[in-house]
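Since the structure comes first, as structure tokens, the remarks are kept for the end.
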Amino acid sequence: MTLIKSISGIRGTIGGRTGDTLNPLDIVKFTTAYAIFMARKTGHCGKIVVGRDGRISGEMVKNVVCGTLMGCGCDVINIGFATTPTTELAVRLSGADGGIIITASHNPRQWNALKLLNGEGEFLTAADGAEVLDIAAREDFNYAEIDQLGQYTEDFSFDLRHIDSVLKLKLADLEAIEKRKFRVCVDTINSVGGIILPKFFEALGVSYEILNGACTGDFAHNPEPLEKNLHGIMDKMRMGDFDLGIVVDPDVDRLAFICEDGTMFGEEYTLVSVADYVLSHQNTPGHQSALTTVSNLSSTRALRDVTEKYGGQYFASAVGEVNVTTKMKEVNAVIGGEGNGGVIYPESHYGRDALVGIVLFLSSLAQKGCTASELRKTFPDYQIAKNRIDLTPETDVDAILVKVKEMFAKDNSAKVNDIDGVKIDFPDRWVHLRKSNTEPIIRVYSEAPTIDMADELGKKLMQVVYDMQ
């Protein structure tokens with residue numbers, strides 16, 4: 001398995017030959033590069049927050065990261081087991097200069113990664129990430145003299161501070177949630193969700209049962225919160241004892257809901273439902289703000305439909321959280337995110353946060369007095385099909401995408417967007433072709449009123465590509 005290097009950090013599997021996977025030497029190299037980058041940006045190495053999810057390799061990676069930062073002259077605040085949004089908030093709340101999150105998000109147990117934050121607790125921009133990669137490639141490293149080594153401290157208070165900040169959100173209707181007396185079933189996939197979410201539900205007055213709650217990193221099933229991986233909690237929900245099923249990924253930035261009858265609410269509809277709730281309150285006293293939303297090009301158009309229902313304007317960004325947040329800032333979006341269950345709510349912070357999504361979703365259910373399945377029926381219904389085109393390493397993927405764009409630019413019934421691959425938008429469906437940055441494939445996402453129609457559209461475009469070769 002090749003070590004994957006991107007503008008957001010590095011990720012790979014643990015073990016193996018040097019340079020092939022995520023090993024201690026690579027961790028030292030990229031942590032050092034990040035420390036040098038931060039020193040250039042701020043004029044000093046500064047204070048860096050380090051948090052990690054529950055992965056088996058997390059303790060090892062954390063020790064290497066913290067020691068390397070100290071060796072570079074950085075002061076380290078180790079916040080221990082922490083969600084990605086908790087670590088992001090900790091950077092701001094502690095006045096740190098940056099942060100490193102040790103998590104491979106939804107990847108399987110053998111994976112780990114370093115995700116890099118700036119002084120706002122947000123992921124580095126593309127330009128900043130590229131600079132870190134360049135520093136790492138050059139390996140022109142200097143370390144601190146003995147009297148300038150960084151200091152190490154621990155602060156495990158940020159879970160409660162994160163929860164407190166979410167409870168203070170203007171649209172968090174704590175009274176309605178408590179009055180509704182929700183009972184929820186939650187799959188925390190043996191990671192940090194099992195630590196923070198019980199505290200969160202107790203603060204909300206919500207009755208809960210946790211599945212896979214031990215923070216061991218030994219995931220009970222594939223940790224990506226997709227229907228095919230969630231049969232355990234779906235079966236539990238069908239027993240009829242709960243109002244809502246809640247699923248998070250190992251670092252708790254993605255969120256999926258399961259209806260009271262055991263059916264999937266739809267990961268794409270996490271953001272849609274929360275945005276609907278937020279937008280419905282924007283013209284009430286004390287909540288006026290821009291009626292704009294953002295998601296990436298591969299997310300459901302239901303967010304656009306809901307936004308326009310309230311007289312707002314929807315914008316699309318390139319795929320990637322930093323691209324979404326950049327666009328959100330540009331258009332002053334009231335809410336945004338990604339169709340993978342990532343809710344970004346600027347009143348809290350510019351990062352995907354499952355706790356924010358949970359409190360706003362529960363507030364919506366409580367105020368409407370409906371069930372999750374009834375709420376789902378109020379939204380436009382689209383289905384997304386996901387396919388891929390496998391290519392040879394020597395294939396000129398960019399040239400193929402240019403040809404696809406030129407072909408459909410002549411179609412008056414379609415709108416073509418090329419900010420990230422090629423997206424072809426028809427009146428009632430769309431297809432998005434996007435090349436992978438790590439392997440010779442084109443990802444083909446398509447959406448239509450039914451899954452068969454979506455799959456047919458995707459395969460039609462795949463055939464177009466095959467015919468070009």
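Taking every heavy atom of both residues into account, Ile163 and Ala203 meet most closely at CG2-CB, 4.2 Å. The two atoms that bring Leu244 and Met237 nearest to each other are C-CE, 3.5 Å, heavy atoms only. Of all non-hydrogen atoms in Leu401 and Gly421, the two that sit nearest each other are CD1-CA, 4.1 Å.
Because its NZ or CZ atom is not both nearer than 6.0 Å to the ring centre of Tyr445 and within 45° of the ring axis, Arg434 does not count as a cation-pi partner of that residue.
Side-chain atoms of Ser105 and Asp253, non-hydrogen and from C-beta on, do get closer than 4.5 Å to each other. For the pair Lys47/Cys74, no side-chain contact is recorded, criterion being any heavy-atom separation below 4.5 Å from C-beta on. Ser317 is not listed as a side-chain neighbour of Thr326, based on a closest heavy-atom distance of 4.5 Å or more. Between Tyr382 and Asp305 there is a side-chain heavy-atom pair separated by less than 4.5 Å. In this structure, the side chains of Phe123 and Leu117 come closer than 4.5 Å at one or more pairs of heavy atoms. Looking only at side-chain heavy atoms (C-beta outward), Thr103 and Arg52 stay at 4.5 Å or farther from each other. Residues Leu211 and Glu209 have side chains in contact (heavy-atom distance under 4.5 Å, counting atoms from C-beta outward).
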When you look at Glu139 and Lys29, which way does the salt bridge (Lys or Arg N to Asp or Glu O under 4.0 Å) test go after all the steps? CA-CA 7 Å; Glu139 293 191 42; Lys29 181 168 75 171; 3.7 Å; yes
**OP:** Give the intermediate values and the outcome of side chain to side chain donor-acceptor pair (under 3.5 Å) for residues Glu154 and Tyr152.
**Re:** CA-CA 7 Å; Glu154 294 180 342; Tyr152 175 87; 2.9 Å; yes
Between Asp251 and Thr83, does the side chain to side chain donor-acceptor pair (under 3.5 Å) criterion hold? Intermediate values first, please. CA-CA 5 Å; Asp251 66 325; Thr83 74; over 6 Å; no
ask   = Hey, mind stepping through Thr87 and Thr84 against side chain to side chain donor-acceptor pair (under 3.5 Å) and telling me if it holds?
value = CA-CA 5 Å; Thr87 309; Thr84 283; over 6 Å; no
From CA spacing to verdict: side chain to side chain donor-acceptor pair (under 3.5 Å), His106, Asn340: CA-CA 11 Å; His106 63 272; Asn340 61 9; over 6 Å; no
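Taking CD1 of Ile102 as the reference point, atom NZ of Lys115 lies at 12.5 Å (rounded to 0.5 Å). Taking CD1 of Ile233 as the reference point, atom CG of Asp187 lies at 5.0 Å (rounded to 0.5 Å). Here Met70 contributes atom CE and Leu149 contributes atom CG; the two are 7.0 Å apart, rounded to the nearest 0.5 Å. For the atom pair CD1 (Ile335) and CE (Met328), the distance works out to 7.0 Å, reported to the nearest 0.5 Å. Note: Ile424 CD1 to Leu433 CG = 6.0 Å, rounded to the nearest 0.5 Å. Taken from OG1 in Thr263 to CD1 in Ile258, the straight-line distance is 9.0 Å, to the nearest 0.5 Å.
When the options Val65, Ile100, Leu69 are evaluated for a side chain to side chain contact (heavy atoms under 4.5 Å, CB included) with Val76, the one that passes is Leu69. Shown are Glu268, Glu338, Glu267; of these, the salt bridge (charged side-chain N to carboxylate O under 4.0 Å, His left out) with Arg254 is made only by Glu267.
Taking Ile36 as the reference, Thr32, Arg40, Ile135, Phe141 meet the side-chain contact (heavy atoms from CB on, under 4.5 Å) condition, with sequence neighbours excluded. Partners of Arg304 under the salt bridge (Lys or Arg N to Asp or Glu O under 4.0 Å) rule, at least two apart in sequence or in another chain, do not exist in this structure. Remark: Asp97 pairs with no residue by the salt bridge (Lys or Arg N to Asp or Glu O under 4.0 Å) rule, at least two apart or across chains. Applying the salt bridge (Lys or Arg N to Asp or Glu O under 4.0 Å) rule to Arg55 yields the partners Asp53; only residues at least two apart in sequence or on another chain are considered.
Salt-bridge formation is detected for the pair Lys329/Glu122: a Lys NZ or Arg NE/NH1/NH2 atom is positioned less than 4.0 Å from an Asp or Glu carboxylate oxygen. The pair Glu321-Arg352 counts as a salt bridge, with a side-chain nitrogen and a carboxylate oxygen less than 4.0 angstrom apart. By the 4.0 Å N-to-carboxylate-O rule, Lys423 lies too far from Asp418 to be salt-bridged with it. Using a cut-off of 4.0 Å between Lys/Arg side-chain N and Asp/Glu carboxylate O, Arg388 and Asp390 are scored as salt-bridged.
Contacts classified as side-chain hydrogen bond (donor to acceptor under 3.5 Å, both in side chains) and involving residues 67-76 (residues at least two apart or in different chains) are not found. Within the structure, the ring pair (Phe, Tyr, Trp, His ring centres under 6.0 Å) test picks out the following pairs touching residues 324-362 (sequence neighbours left out): Phe257-Phe361, Phe265-Phe361.
Other residues, nucleotides and ligands contribute more than 12 heavy atoms inside 6.0 Å of the CD atom of Gln148.
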